[in-house]
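Below: the structure, in structure tokens.
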Number of protein chains: 2
Amino acid sequence: MKYPITLDALEVLDAIDRKGSFAAAANELFRVPSAISYAVQKLEQDLDVVLFRKEGRKAVLTPAGKVLLEQGREILQATERLAMATKKTHSGWEPVFNIAIDSILDFDFIYPLIARFYEVLPDIEINIYEEVLGGAQEAITSNRADLVIGAGTEPTPNQGIKYQKIRQIEWIFTVAPGHQLTQAALPLSRQLIEQHRFIVVRDSSRNQAPQSHRVFSKRPLLSVPSVAEKINALRSGLGIGFLPAHRIQHLLEQGLLIALPVENAIPMETCHMAWKTTNKGKVLCWFIEQLSRHDFI
Amino acid sequence: MKYPITLDALEVLDAIDRKGSFAAAANELFRVPSAISYAVQKLEQDLDVVLFRKEGRKAVLTPAGKVLLEQGREILQATERLAMATKKTHSGWEPVFNIAIDSILDFDFIYPLIARFYEVLPDIEINIYEEVLGGAQEAITSNRADLVIGAGTEPTPNQGIKYQKIRQIEWIFTVAPGHQLTQAALPLSRQLIEQHRFIVVRDSSRNQAPQSHRVFSKRPLLSVPSVAEKINALRSGLGIGFLPAHRIQHLLEQGLLIALPVENAIPMETCHMAWKTTNKGKVLCWFIEQLSRHDFI
DNA sequence: TTAATAGGTTCAAAATATTTGAACAATAAA
DNA sequence: TTTATTGTTCAAATATTTTGAACCTATTAA
């Protein structure tokens with residue numbers, strides 16, 4: 001016998017412990033007491049372990065029984081979650097959804113979107129991966145990511161992958177006056193700026209999510225709680241990053257922040273998203289729909 | 001139906017995927033193909049999810065089927081581990097064993113013992129808790145710990161708890177010349193020295209253990225890889241700690257290290273261990289036996 | 001002390017569930 | 001085209017689980 005334990009047996013054990021007696025457990029499970037007795041005996045026999053000892057007219061768990069009960073409960077819970085995840089997948093909602101973002105883009109702009117997503121569907125796990133340069137492309141073909149948000153011009157057309165432009169507010173690459181990068185040759189190369197510390201707005205959706213999504217970053221980062229803080233941190237020269245044009249127009253005019261052009265002229269409004277055409281997942285559809293809207297931020 | 005998934009069904013699913021076909025899976029499980037077909041259909045029905053799609057003459061997993069397979073495998077493994085843990089408990093080997101150590105004692109001396117334990121029994125989880133002052137006592141009565149290693153004189157006799165002295169090599173509390181503590185009133189109080197950073201030898205058994213045991217410390221610690229390093233760190237004034245007398249005799253004579261008496265005169269050889277007499281676990285017996293030997297370090 | 005009660009077990013019969021093997025359909029390979 | 005492989009269906013055979021009645025046993029109430 002490969003698996004002497006059965007989920008039904010664990011369920012019986014759990015009911016006995018919760019209800020306090022074989023008889024009460026039988027009642028809860030809509031069975032007759034002798035059926036409970038039989039189930040326990042079978043489990044003890046298959047496992048070759050004594051699980052209950054009679055004390056007075058009650059049966060109490062042995063140490064081995066306790067171990068089986070406690071860890072068994074976790075297995076029951078995992079099974080329940082699995083059943084839900086399977087059904088959800090079948091209904092078109094992916095249980096986990098992976099987003100790859102080109103490393104040149106700040107994660108900032110995706111967080112509000114994820115926050116909104118969790119408001120609607122709190123039990124789906126979302127992971128955000130950072131991909132460098134061409135890696136975002138490959139993340140899709142190798143199934144590492146369900147959705148890629150890339151910068152720059154649309155890549156070479158690829159069979160089975162659909163691309164779509166994302167229009168959003170203008171983000172400007174900014175550094176403090178006197179920052180090292182102001183001395184560098186313009187436009188700045190991606191390799192160059194990726195060596196510096198980026199300032200990002202802390203993932204506000206993290207606390208809100210029941211199972212927190214993970215962010216896998218490859219760069220040194222400084223997390224701040226808000227865009228206002230990010231502007232301050234940038235002005236203090238703590239790092240570099242993109243900022244929404246309308247928030248910093250006056251600072252640029254006063255010379256308190258310096259806007260620098262970045263290689264490939266990536267004014268953020270030309271970034272795109274990509275996904276596999278075979279993927280019909282509903283989470284994917286949700287994100288595509290949201291990202292297609294002009295006002296999503 | 002509370003649990004539509006059964007372990008048997010997951011096992012069938014796993015075999016189908018590994019062997020590549022229903023027929024091969026049937027062969028592996030010593031059943032007839034129609035039995036496999038039946039099992040899959042039943043699972044699909046109970047779960048109300050399509051798991052296989054026919055492609056040519058083969059059946060391939062749907063996305064939902066893949067989710068069920070992959071997470072199902074983890075459940076199968078967990079169940080297997082649970083069966084082993086239960087049997088082990090029944091045979092007298094505790095699946096987890098908790099040791100509480102008085103915070104005045106260095107963990108150093110217990111690590112080699114744990115290393116030796118893992119050589120014999122690598123699949124038992126051992127946790128080491130630090131307890132301050134009287135906490136070690138209570139750790140036993142409240143079942144937080146299976147074995148307590150305490151310092152100082154034997155505590156008041158307590159029903160159901162057995163105490164035994166531990167004889168071991170002499171450990172001397174040591175600081176660097178010029179250390180702040182050399183100015184303090186002697187003997188040093190425990191409260192006083194516990195405010196300083198302790199230097200401990202890094203837990204060498206950690207890497208060796210398959211499921212690493214955890215150490216829960218409440219003090220600032222500096223971990224070093226060996227006793228030799230510990231002596232060096234102590235001499236440099238990086239922290240304080242106990243050292244084996246025979247290793248530092250010459251350093252004390254040359255004045256390169258200072259020995260300081262500690263309150264309650266705890267020369268380590270008078271420390272004791274304690275456990276519940278009702279506990280007949282074999283791991284406990286092993287540790288008692290080892291700690292009873294004079295030469296255990 | 002003696003009922004009465006609650007909890008657990010045993011056993012044969014009944015009800016369910018699973019496995020089998022033979023027949024069949026569909027596809028890929030020879 | 002033939003052959004081999006794969007999966008399905010179905011009724012019969014087999015195995016497992018549930019049932020209910022009878023029967024212990026230890027506590028509690030009278």
Query raised in the report: Where the side chain of B:Pro33 is concerned, which of D:dG20, C:dT9, D:dT8 is the nearest nucleotide?
Result: D:dT8
Query raised in the report: Given atom NZ of B:Lys42 and atom C1' of C:dT19, what is their separation to the nearest angstrom?
Result: 14 Å
Query - Whole-Å gap separating C1' (C:dA29) and NZ (B:Lys58) - result: 13 Å
Query - Closest approach of A:Ala35 to A:Arg31 (non-hydrogen atoms, all atoms of both residues) - result: CB-CB, 4.1 Å
Query - Distance test, side-chain N/O of A:Gln41 to OP1/OP2 of C:dG8, below 4.0 Å - result: no
Query raised in the report: Starting at OH of B:Tyr38 and ending at C1' of C:dT16, how long is that distance when rounded to a whole Å?
Result: 9 Å
Requested in this report: Take atom CG of B:Asn27 and atom P of C:dG21, then tell me their distance rounded to the nearest Å.
Outcome: 13 Å
Query raised in the report: C:dA26 P sits how many Å from B:Lys54 NZ, rounded?
Result: 9 Å
**Report entry** Quiz item: A:Ser34 side-chain donor-acceptor pair to C:dG8 base, under 3.5 Å
**Finding:** no
Query - B:Arg57 or A:Arg31, whichever maps to the more 5' nucleotide of DNA chain D - result: B:Arg57
Query raised in the report: In whole angstroms, how far is the C1' atom of C:dG7 from the CD1 atom of A:Ile16?
Result: 12 Å
Query raised in the report: Would you say A:Lys282 has more than 12 foreign heavy atoms packed within less than 6.0 Å of its NZ?
Result: yes
Requested in this report: Report the distance from atom CG of B:Asp8 to atom P of C:dT16, rounded to the nearest whole Å.
Outcome: 21 Å
**Report entry** A:Leu51 and its side chain to side chain contact (heavy atoms under 4.5 Å, CB included) partner, picked from A:Ile16, A:Val67, A:Leu43
**Finding:** A:Leu43
Report task. Classify the nucleic acid contact of B:Ser21 as base, sugar-phosphate or nothing, counting any heavy atom under 4.0 Å across all strands shown. Result -> sugar-phosphate
Query raised in the report: When we call it a touch if two heavy atoms are under 4.0 Å apart, what does B:Ala23 touch: a base, just sugar-phosphate, or nothing?
Result: sugar-phosphate
Query raised in the report: Does the side chain to side chain contact (heavy atoms under 4.5 Å, CB included) test come out yes or no for B:Leu68 and B:Val49, once each step is laid out?
Result: CA-CA 10 Å; B:Leu68 186 61; B:Val49 164; over 6 Å; no
Query - Atom-to-atom span, CZ of B:Phe52 to C1' of D:dT8 - whole angstrom - result: 14 Å
Report summary line: Between B:Gln71 and A:Leu82, the two heavy atoms sitting closest are CB-CD1, 3.4 Å
